[in-house]
Amino acid sequence: MNQKILILGACGQIGIELTKKLRAIYGNDNVIASDIREGDQEMMAAGAFEIIDATNKERILEVVKQYNITQVYLMAAMLSAVAEKHPMKAWDLNMTSLLAVLDLAKEKHIEKVYWASSMAVFGATSPKINTPQKTIMEPSTVYGISKVSGEHWCNYYYQKYGVDVRSIRYPGIISWKTKPGGGTTDYAVDIFFEAVKKGSYECFLKADTRLPMMYMDDAINATVEIMETDAKNIKIRTSYNLAAMSFTPEELANEIKKYLPNFKITYKPDFRQQIAESWPQIIDDSSAREDWNWRHTFDLSAMTKDIITSLEAQKVVG
Ligand code: NAD
């Protein structure tokens, strides 16, 4: 049977690019974008779009029935930095939306679910270097608590009801076509825009804060690959560690200086420093590489070259 896909939270940093990719693969008519708000003109014009509050199970079901949806990608969430300011709202959005979608799969309205987890599941007591797939997980943020809990719900629905749910623990995702939505790794996106526009950037993390990161193209490919692989390859039903590169703000600034030699970075750490320090520095993603053949394409230098040349060529800023 043809796949019909519904994306919840399609207007976010990852959702916009995921929608484009899925439409390129499955056809515009087979990918329904949705969000609690309208998206940019390009998204609205390219295919069907519905306003859906991802915490409203009845509304999701209505759209699932309207379009004969078989797969749901749940990308709606409140991210780490914003969630610290609105803990209960974050918990409600992140949990209620997941349980609604898992229930729809349990009730056989849909066949397959994708849900986004995060490296924020790890905390200060997890090993920071080569953080294993399975280790101590004591997150210190409400965002991380919601993601650990969500992972256990995914595994529970798989074990108990056979729900085919697949998930990735994204590291910080870096993009230039879309802006980030309030995470702790947002500096690594903002820095490129400011570097090209102003030639300088004030970073909200310290110079030596090493964090795992990934270029958007790799994140989107991983998301599609984990959903397309045969169910027997998915051996982990909580969520998979995923990695590509790890760097500090200083290392990123030095890479940018290869293209913009006058670029200047200053540091003014805020509350996000504490969040960053609770997270891994380098993640071991060997399970994803073994189970469903995950391979990344972009390292720090390839990514920096791609972003700077794209921003300058398209005159996105300035
Ligand atoms: P984002 O904040 O950019 O986008 C989230 C989208 O959800 C927004 O378009 C927002 O309008 C929408 N939304 C908010 N409340 C909603 C509701 N009630 N119903 C429907 N839509 C609603 O987030 P993102 O960066 O695209 O992240 C997508 C997923 O990936 C999230 O689960 C996030 O936790 C996870 N993740 C992202 C990163 C990253 O670096 N971007 C890293 C790790 C994990």
Side-chain angles (χ1 to χ4, degrees), residues 6-21 32-40 43-44 49-60 63 72-86 89-101 113-122 139 141-151 154 167-190 211-216 218-220 222-223 226 239-245 272 275-276 279-280 283:
L6 172 65
I7 303 165
L8 301 169
C11 297
Q13 186 197 7
I14 301 176
I16 291 177
E17 303 217 19
L18 180 65
T19 303
K20 270 191 215 154
K21 179 76 173 194
I32 316 310
S34 80
D35 202 287
I36 200 161
R37 60 184 167 103
E38 288 196 349
D40 62 15
M43 161 167 304
M44 304 296 291
F49 182 90
E50 296 285 340
I51 293 286
I52 300 179
D53 177 347
T55 62
N56 184 341
K57 186 182 160 191
E58 291 313 310
R59 173 66 184 139
I60 305 172
V63 175
V72 172
Y73 286 68
L74 173 52
M75 310 308 287
M78 196 182 288
L79 271 67
S80 58
V82 185
E84 286 308 287
K85 295 183 177 157
H86 310 282
K89 276 190 187 162
W91 175 254
D92 182 42
L93 170 58
N94 296 2
M95 286 296 95
T96 309
S97 58
L98 175 60
L99 289 168
V101 173
V113 174
Y114 178 81
W115 177 70
S117 187
S118 162
M119 64 171 168
V121 292
F122 299 112
T141 60
V142 66
Y143 176 68
I145 296 169
S146 75
K147 293 296 186 187
V148 174
S149 308
E151 288 192 6
C154 289
S167 176
I168 285 171
R169 291 172 183 154
Y170 294 123
I173 306 300
I174 303 170
S175 56
W176 61 272
K177 292 177 198 152
T178 53
K179 292 281 183 78
T184 302
T185 53
D186 290 6
Y187 90 84
V189 177
D190 298 339
L211 286 169
M213 301 277 187
M214 179 173 288
Y215 197 30
M216 181 64 86
D218 277 332
I220 298 297
T223 307
I226 195 175
S239 188
Y240 276 93
N241 277 8
L242 200 73
M245 58 185 118
R272 289 168 281 194
I275 300 178
W279 286 352
I283 286 174

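For the single chain, residues carry numbers from 1 onward in sequence order. Order of appearance sets the numbers: ligands from 1, and atoms from 1 within every ligand. What's counted below: heavy atoms across the whole structure, side chains too, no hydrogens, waters or symmetry copies.
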Requested in this report: For residues Trp279 and Leu211, determine if any side-chain heavy atom of one lies less than 4.5 Å from a side-chain heavy atom of the other.
Outcome: yes

Report task. Give the numbers and elements of all ligand 1 atoms closer than 4.0 Å to a heavy atom of Ala54. Result -> 17 (C), 18 (N), 19 (N), 20 (C)

Report task. Return yes if a side-chain donor-acceptor contact under 3.5 Å exists between Ser167 and Ser239, otherwise no. Result -> yes

Report task. State whether a side-chain donor-acceptor pair under 3.5 Å links Trp176 with Tyr215. Result -> yes

Requested in this report: Search all heavy atoms of Arg37 against all heavy atoms of Cys11 and return the closest pair with its distance.
Outcome: NH2-O, 3.3 Å

Query raised in the report: Which protein non-hydrogen atom lies closest to atom 10 (C) of ligand 1, naming both residue and atom, and how far is it?
Result: Asp35 OD1, 3.5 Å

Query raised in the report: When only distance counts, is Leu93 in polar contact with ligand 1, meaning an N/O pair under 3.5 Å?
Result: no

**Report entry** Region of Trp115 engaging ligand 1 - heavy atom pairs below 4.0 Å
**Finding:** neither

Query raised in the report: Looking only at atom types and distance, does a side-chain atom of Glu84 sit under 3.5 Å from a main-chain N or O of Val142, one as donor and one as acceptor?
Result: yes

With a cut-off of 3.5 Å and sequence neighbours excluded, list every side-chain donor-acceptor pair involving residues 114-122.
| from | atom 1 | to | atom 2 | distance (Å) |
| --- | --- | --- | --- | --- |
| Tyr114 | OH | Tyr170 | OH | 2.8 |
| Ser117 | OG | Glu151 | OE2 | 2.7 |
| Ser118 | OG | Ala120 | N | 2.8 |

Query raised in the report: Could you go step by step and tell me if Arg59 and Glu50 meet the salt bridge (charged side-chain N to carboxylate O under 4.0 Å, His left out) rule?
Result: CA-CA 10 Å; Arg59 173 66 184 139; Glu50 296 285 340; 3.1 Å; yes

Query raised in the report: Is Gly39 in contact with ligand 1, taking contact as a heavy-atom separation below 4.0 Å?
Result: no

Query raised in the report: If you look at every heavy atom in Val72 and Val101, which pair is closest and at what distance?
Result: CG1-CG1, 3.9 Å

**Report entry** Sub-4.0 Å atoms of ligand 1 with respect to non-hydrogen atoms of Ala116
**Finding:** 29 (C), 30 (O), 32 (O), 35 (C)

Requested in this report: Considering the heavy atoms of Ser118, write down every atom of ligand 1 situated less than 4.0 Å from one of them.
Outcome: 43 (C), 44 (C)

Query raised in the report: So do Ile174 and Met216 actually touch side chain to side chain, heavy atoms under 4.5 Å?
Result: no

Requested in this report: Check ligand 1 against Pro171 and write out every atom of the ligand that is under 4.0 Å from a heavy-atom position of the residue.
Outcome: 40 (O), 42 (C), 43 (C)

Query raised in the report: Tell me, which protein residue and heavy-atom name are nearest atom 37 (C) of ligand 1, and how many Å apart are they?
Result: Ile14 CD1, 3.7 Å

**Report entry** Distance-only donor-acceptor check, side chains Ser175 and Gln13, under 3.5 Å
**Finding:** yes

Query raised in the report: Would you say Pro180 has any N or O atom under 3.5 Å from an N or O of ligand 1, going by distance alone?
Result: no

Query raised in the report: Heavy-atom distance under 4.5 Å between the side chains of Leu98 and Cys154, does that happen here?
Result: yes

Report summary line: Tyr143 heavy atoms within 4.0 Å reach ligand 1 at atoms 33 (C), 34 (O), 35 (C), 36 (N), 43 (C), 44 (C)

Query raised in the report: For ligand 1, which atoms, with element, lie under 4.0 Å from some heavy atom of Asp53?
Result: 17 (C), 18 (N), 19 (N)

Requested in this report: Return yes or no for this condition: an N or O of Ala76 is under 3.5 Å from an N or O of ligand 1.
Outcome: no

Query raised in the report: Are any of the side-chain heavy atoms of Val63 and Leu6 separated by less than 4.5 Å?
Result: yes

Requested in this report: Show your reasoning for whether side-chain contact (heavy atoms from CB on, under 4.5 Å) applies to Ile51 and Ser34.
Outcome: CA-CA 5 Å; Ile51 293 286; Ser34 80; over 6 Å; no

Query raised in the report: Regarding Ser146 and Ser149, is there a side-chain donor-to-acceptor distance under 3.5 Å anywhere?
Result: no

Report task. Answer yes or no: does an N/O atom from Ser117 fall short of 3.5 Å to an N/O atom of ligand 1? Result -> no

Report task. Check whether any side-chain heavy atom of Phe49 lies under 4.5 Å from a side-chain heavy atom of Met43, and answer yes or no. Result -> yes

Query raised in the report: Which of the atoms in ligand 1, numbered in the order shown and given with their element, are less than 4.0 Å from a heavy-atom of Ile52?
Result: 19 (N), 20 (C)

Query - Within-shell test, Leu8 vs ligand 1, heavy atom, strictly < 4.0 Å - result: no

Requested in this report: Report the part of Arg37 (side chain from C-beta onward, or backbone N, CA, C, O) that has a heavy atom under 4.0 Å from ligand 1; answer both or neither where that applies.
Outcome: side chain

Report summary line: Quick look: Arg169 vs ligand 1, heavy-atom contacts under 4.0 Å, and the answer is neither

Query raised in the report: Which residue and non-hydrogen atom of the protein lie closest to atom 38 (C) of ligand 1, and at what distance in Å?
Result: Ile173 CG1, 4.0 Å

**Report entry** Minimum heavy-atom distance Ala222-Leu242, with the two atoms named
**Finding:** CB-CD2, 3.6 Å

**Report entry** Residue portion contacting ligand 1 (non-hydrogen atoms closer than 4.0 Å) for Leu79
**Finding:** side chain

Requested in this report: Enumerate the atoms of ligand 1 whose separation from the nearest heavy atom of Cys11 is less than 4.0 angstrom.
Outcome: 9 (O)

Report task. May I ask you to check if ligand 1 and Tyr170 share an N or O to N or O distance below 3.5 Å? Result -> no

Requested in this report: Using distance alone, determine whether Gln13 and ligand 1 share an N or O pair under 3.5 Å.
Outcome: yes

Query - Which segment of Ser34 sits under 4.0 Å of ligand 1 when only heavy atoms are counted - result: neither

Query raised in the report: Do any N or O atoms from the side chain of Asp186 and from the backbone of Gly182 form a donor-acceptor pair under 3.5 angstrom?
Result: yes

Requested in this report: Answer side chain, backbone, both or neither: which part of Asn94 comes under 4.0 Å from ligand 1, heavy atoms only.
Outcome: neither

Query raised in the report: Touching ligand 1 at all, Ala10? Heavy atoms, strictly under 4.0 Å?
Result: no

Query - Shortest reach to atom 5 (C) of ligand 1 by a heavy atom, considering only Glu17, Met78, Met213, Met75 - result: Met75

Query - Protein heavy-atom partner closest to atom 4 (O) of ligand 1 - residue, atom, separation in Å - result: Gly12 CA, 3.1 Å

Report task. May I ask you to check whether Lys147 has an N/O atom sitting below 3.5 Å from an N/O atom of ligand 1? Result -> yes

Query raised in the report: N/O to N/O below 3.5 Å, does that happen between Leu74 and ligand 1?
Result: no

